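What follows is a short report on a single structure.
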Amino acid sequence: MSGHTSALSARIEALLFYKAEPVSYKKLADLLSVSREELLDGLNELEKALEGRGIQLVRNDEEAFLGTSAAASELIEAIQREELSRDLGKAGLETLAIVLYKGPVTRREIDYVRGVNSAFILRNLLVRGLVERVEGEGRGYSYRPTTDLLSFMGIGSRSDLPEFAAVRAEMEKFAASDSEGSEGKEEKSDDAA
Amino acid sequence: MSGHTSALSARIEALLFYKAEPVSYKKLADLLSVSREELLDGLNELEKALEGRGIQLVRNDEEAFLGTSAAASELIEAIQREELSRDLGKAGLETLAIVLYKGPVTRREIDYVRGVNSAFILRNLLVRGLVERVEGEGRGYSYRPTTDLLSFMGIGSRSDLPEFAAVRAEMEKFAASDSEGSEGKEEKSDDAA
Amino acid sequence: MLEEQYKIKTQVFEGPLELLLDLIEKRKLFINDISLSQVTDDFLSYIKEKENFPLGLSANFILVASTLLLIKSKSLLPSIELTEEEQGSIDDLERRLKELERIRELSLHVKSLFGKRIIFGRLQSRERKPVFAPDPAMTMANIVIAAQSVLNSLPKKEMKPEVTVKKIISLEETIDKLTARIAKSLKLSFRDFAGHGTDSALNHEKKVEVIVSFLAMLELAKQGIIAVSQNDLFDDIHMETESIGVPKYF
């Protein structure tokens with residue numbers, strides 16, 4: 001079952017799922033190399049296939065979008081509350097500390113300094129408005145603390161952080177030892193919008 | 001059809017869709033107010049419901065994740081901007097094979113099989129998010145494959161690995177015939193991870 | 001702590017098992033004592049060429065080398081009785097090689113799947129605006145603790161193997177020493193040469209010396225410089241010159 005032989009509705013589903021935002025019919029038809037008519041048929045088919053499922057197709061005259069089903073709305077609200085109130089935990093605090101002391105810092109650098117992958121922790125910190133993404137120098141994004149975070153912690157300037165220079169220097173020294181290419185999944189990664 | 005009357009599999013689907021990251025079975029069961037057994041049934045049901053669709057379920061021993069179907073990989077790869085590193089090297093491949101087929105497995109066991117200290121290669125795989133550490137039974141950590149690793153290999157679970165069942169059977173036979181333990185004769189692996 | 005040196009090994013070295021398996025596979029042999037004795041020489045010459053192993057690894061090589069020499073000497077001198085422990089280490093080596101061989105086969109499956117048909121997660125939705133949601137645990141004190149914990153778990157320079165390595169005399173050196181002493185005395189007890197008595201339990205460095213000496217001895221034996229004979233089952237191995245300079249093969 002290659003990408004080309006699977007049903008059009010399944011391919012539309014994969015695309016909309018991945019993009020996680022409304023996509024115009026024109027763009028969909030281009031990406032899937034089908035005509036507008038074929039696309040609309042495919043969308044109808046997908047709509048039917050999704051009946052009774054946890055996700056649904058939302059569309060207007062020009063765009064399509066995949067969202068959670070109306071039936072699940074209570075559940076989703078509960079998840080949102082949980083996400084925002086959950087304890088950051090040791091991993092969350094460590095990641096936050098790296099962003100505070102070393103930011104702006106790339107995900108790759110955070111991963112390397114922590115010795116584990118930080119993709120999902122960073123996602124949570126972003127959703128909670130604790131860190132924000134800025135365009136980095138090269139490809140990819142860097143992360144830095146939000147002003148909300150700084151004022152919550154009563155930090156006027158980052159040099160207010162205890163031993164700021166020393167800790168930052170040590171993190172930088174280590175991050176610099178990352179030999180190019182020895183690591184995997186790069187920045188500009190799955191959380192690139 | 002309210003959130004409470006819709007099928008459990010649909011509610012799991014909505015939740016995983018919304019979270020867009022691996023969610024532990026424990027958290028899923030909590031959020032959905034079901035037992036672990038009910039949850040596992042629901043996951044199996046969801047897996048079946050998704051057959052032939054554009055999205056698919058990926059699971060390891062403790063987490064579930066929703067991603068685009070492997071059949072749609074070409075389509076998505078063409079539009080994604082992430083730099084994917086496919087380079088693993090021989091040591092990386094062997095270590096992943098051990099973790100995939102034998103995991104959860106301690107670093108000692110990995111060192112023993114490979115006959116060489118695996119601290120460096122393991123750290124690299126951790127940073128890439130391909131393996132993760134879990135608290136082992138005794139002291140020390142065990143390593144297991146992440147859902148990211150399974151996703152990267154285009155499989156929904158370890159049991160989809162070629163020869164998986166045969167290898168597990170071999171291992172059990174081997175363990176039974178070797179009850180006095182090869183552990184004792186191990187190489188020294190005292191270097192810090 | 002700030003002065004700590006960080007050093008991560010950036011190169012991945014093959015271990016002794018990997019090397020052995022390479023050698024066996026290169027000759028398309030099955031793993032058993034016959035194939036192991038056939039590749040022993042290759043293994044030893046590899047060790048001799050590679051002087052600069054990363055610290056700690058050489059000990060592993062020497063240990064495997066000593067097991068190989070047991071196998072090899074048994075094949076040279078079938079009369080040698082192996083102790084239970086020696087036989088155990090031979091069996092153990094064979095078993096580990098077979099397991100590694102299996103893992104290598106399996107790693108080909110990993111290779112053939114990895115990155116070929118990727119299952120992608122959703123991109124992070126732009127539809128969702130961040131909501132500032134602090135955690136009360138975000139205090140200055142906790143952030144400092146977290147930063148310290150990050151710094152403390154950075155991999156440190158590995159220190160200890162240096163001690164091990166100092167104790168491992170290079171193969172050449174031992175061969176030289178051995179040759180010189182053989183020239184002086186015709187009959188020489190291997191046990192004397194290794195420099196330990198009959199009584200005491202061997203400590204690690206002695207053990208390594210014994211292994212290295214044994215290794216050198218067999219190297220010489222192989223070259224036909226000396227003949228190896230064992231008078232008695234539990235006695236020393238005696239070495240004597242046959243006729244120096246004239247190669248003699250077993």
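What you see is a predicted model, and the numbers here were worked out from it, not measured in a lab. So that the names make sense, note that chain A is the first sequence line, chain B the second, and so on, each numbered from 1.
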Exercise. Would you say K26(B) has more than 12 foreign heavy atoms packed within less than 6.0 Å of its NZ?
Worked result: no
Exercise. For atom NZ of K111(C), is the number of surrounding heavy atoms from other residues, nucleotides or ligands below 6.0 Å larger than 12?
Worked result: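 For K111(C), atom NZ is not crowded (no more than 12 foreign heavy atoms under 6.0 Å).
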[X] portion near chain C, given a 4.5 angstrom heavy-atom threshold:
X	result
I98(B)	both
F17(B)	both
Y18(B)	both

Problem set entry | Among T95(B), V113(B), V167(B), L93(B), the one residue meeting side chain to side chain contact (heavy atoms under 4.5 Å, CB included) with I103(C) | V113(B)
From [atom1] ([X]) to [atom2] ([Y]), nearest 0.5 Å:
X	Y	atom1	atom2	value
S151(B)	F120(C)	OG	CZ	10.0 Å
L100(C)	E94(B)	CG	CD	5.5 Å
F164(B)	H109(C)	CZ	NE2	12.5 Å

Problem set entry | Audit row: R104(C), K90(B), side chain to side chain contact (heavy atoms under 4.5 Å, CB included) steps and yes/no | CA-CA 9 Å; R104(C) 274 196 186 174; K90(B) 199 170 148 209; 3.2 Å; yes
For this session: Check whether NZ of the Lys or CZ of the Arg R86(B) lies under 6.0 Å from the centre of the six-membered ring of F114(C) and within 45 degrees of that ring's axis.
Result: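 Verdict for F114(C): no cation-pi partner in R86(B).
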Problem set entry | Among I76(B), V58(B), L149(B), residue most engaged with chain C (heavy-atom pairs, under 4.5 Å) |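 The option with the most such pairs is I76(B).
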Problem set entry | Residue among I55(B), T68(B), L66(B) with most heavy-atom pairs under 4.5 Å to chain C |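 Ranked by heavy-atom pairs under 4.5 Å with chain C, first place is T68(B).
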For this session: With a 4.5 Å cut-off on heavy-atom pairs, point out which of V110(C), L97(C), L106(C) contacts chain B the most.
Result: L106(C)
Exercise. Can any side-chain N or O of R117(C) pair as donor or acceptor with the backbone N or O of M153(B) at less than 3.5 Å?
Worked result: no
State, yes or no, whether a side-chain contact exists between [X] and [Y] at a heavy-atom distance under 4.5 Å.
X	Y	answer
L17(C)	R114(B)	no
I119(C)	Q56(B)	yes
L113(C)	P162(B)	yes

For this session: Inspect the contact between E170(B) and R102(C) and indicate whether a charged nitrogen and a carboxylate oxygen are less than 4.0 angstrom apart.
Result: yes
Problem set entry | Basic-acidic side-chain contact under 4.0 Å: E77(B), K116(C) |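 The answer is no: the pair does not qualify as a salt bridge.
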Exercise. Which pair of non-hydrogen atoms, one from P16(C) and one from G115(B), has the smallest distance, and what is that distance?
Worked result: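 What the structure gives for the nearest pair is CD-O, 3.4 Å.
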